[in-house]
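Written below as structure tokens is the structure these notes are about.
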Amino acid sequence: MTFRNPWVFTFLLLLIPFVMYTKKKVKIPSFRFSSDKLLGGLGSSFKLKLAQNLIFLRATAIFFVIIALAGPQSPIEESKIQTEGIDIVLAVDCSTSMLAEDFKLNGRRQNRLEVVKDVVKNFVQGRKNDRIALIAF
């Protein structure tokens with residue numbers, strides 16, 4: 001695996017002091033109680049455990065963002081396939097004159113554009129190795 005911007009990994013060196021500095025902060029409680037008997041029966045929930053380790057979650061997110069910014073790339077093995085074909089350009093008229101319903105397709109009256117779509121679809125499916133361009137005018 002190669003990286004498009006390997007210099008971005010230098011930001012990982014800034015991540016370690018960020019975690020250490022943020023972890024050492026002493027948090028002052030919002031409410032002060034004379035006794036912890038009121039809070040003794042409370043259990044810890046998943047949300048509370050995540051909140052206590054929020055800095056590690058943020059550091060992990062920053063870590064993955066740095067890796068994404070480095071642009072990991074996996075080289076794809078080049079394979080050459082030789083086929084023979086021709087280049088075809090189809091020009092399709094999309095004017096209002098193509099809305100005239102003067103064809104029958106599958107027992108129903110169809111306008112010219114719908115018939116052309118069906119014919120082009122069948123034509124393209126039969127041309128496996130050819131390059132086909134479509135011009136609508």
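Please read these numbers as outputs of a predicted model, since none were measured by experiment.
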Shared hydrophobic cluster for Met1 and Phe9 (ILVMFWY, side-chain gaps under 4.5 Å): yes

Partners meeting side-chain contact (heavy atoms from CB on, under 4.5 Å) with Gln73 (sequence neighbours left out): Thr2, Arg4

Minimum heavy-atom distance between Pro72 and Ala68, given as atom pair plus value: CD-O, 4.1 Å

Glu114: partners by salt bridge (charged side-chain N to carboxylate O under 4.0 Å, His left out), with sequence neighbours left out: Lys117

Any residue meeting salt bridge (charged side-chain N to carboxylate O under 4.0 Å, His left out) with Arg109, in chain and number order, not counting sequence neighbours: none

Asp130: partners by salt bridge (charged side-chain N to carboxylate O under 4.0 Å, His left out), with sequence neighbours left out: Arg127

Residues clustered with Phe123, ILVMFWY side-chain links under 4.5 angstrom: Ile86, Ile88, Leu90, Val92, Met98, Leu113, Val116, Val120, Val124, Ile132, Leu134

Any residue meeting side-chain hydrogen bond (donor to acceptor under 3.5 Å, both in side chains) with Asn129, in chain and number order, not counting sequence neighbours: none

Phe64 atom CZ, over 12 foreign heavy atoms within 6.0 Å: no

Remaining members of the apolar cluster that contains Ile135, side-chain heavy atoms under 4.5 Å: Val89

Distance, nearest 0.5 Å, that separates OG of Ser95 from CZ of Arg112: 8.5 Å

Please output the side-chain donor-acceptor pairs of residues 10-17 that fall under 3.5 Å, not counting sequence neighbours, one pair per line with the distance.
residue	atom	partner	partner atom	Å
Thr10	OG1	Trp7	O	2.7

Between CD1 on residue Ile66 and CD1 on residue Ile62, distance to nearest 0.5 Å: 7.0 Å

Salt bridge (Lys or Arg N to Asp or Glu O under 4.0 Å) contacts in which one or both residues fall within residues 85-96, not counting sequence neighbours: Asp87-Arg131

Connected-component partners of Val119 among ILVMFWY, side-chain separation under 4.5 Å: Phe103, Val115

Nearest non-hydrogen partners of Phe137 and Ala91, listed with the distance: CE2-CB, 4.0 Å

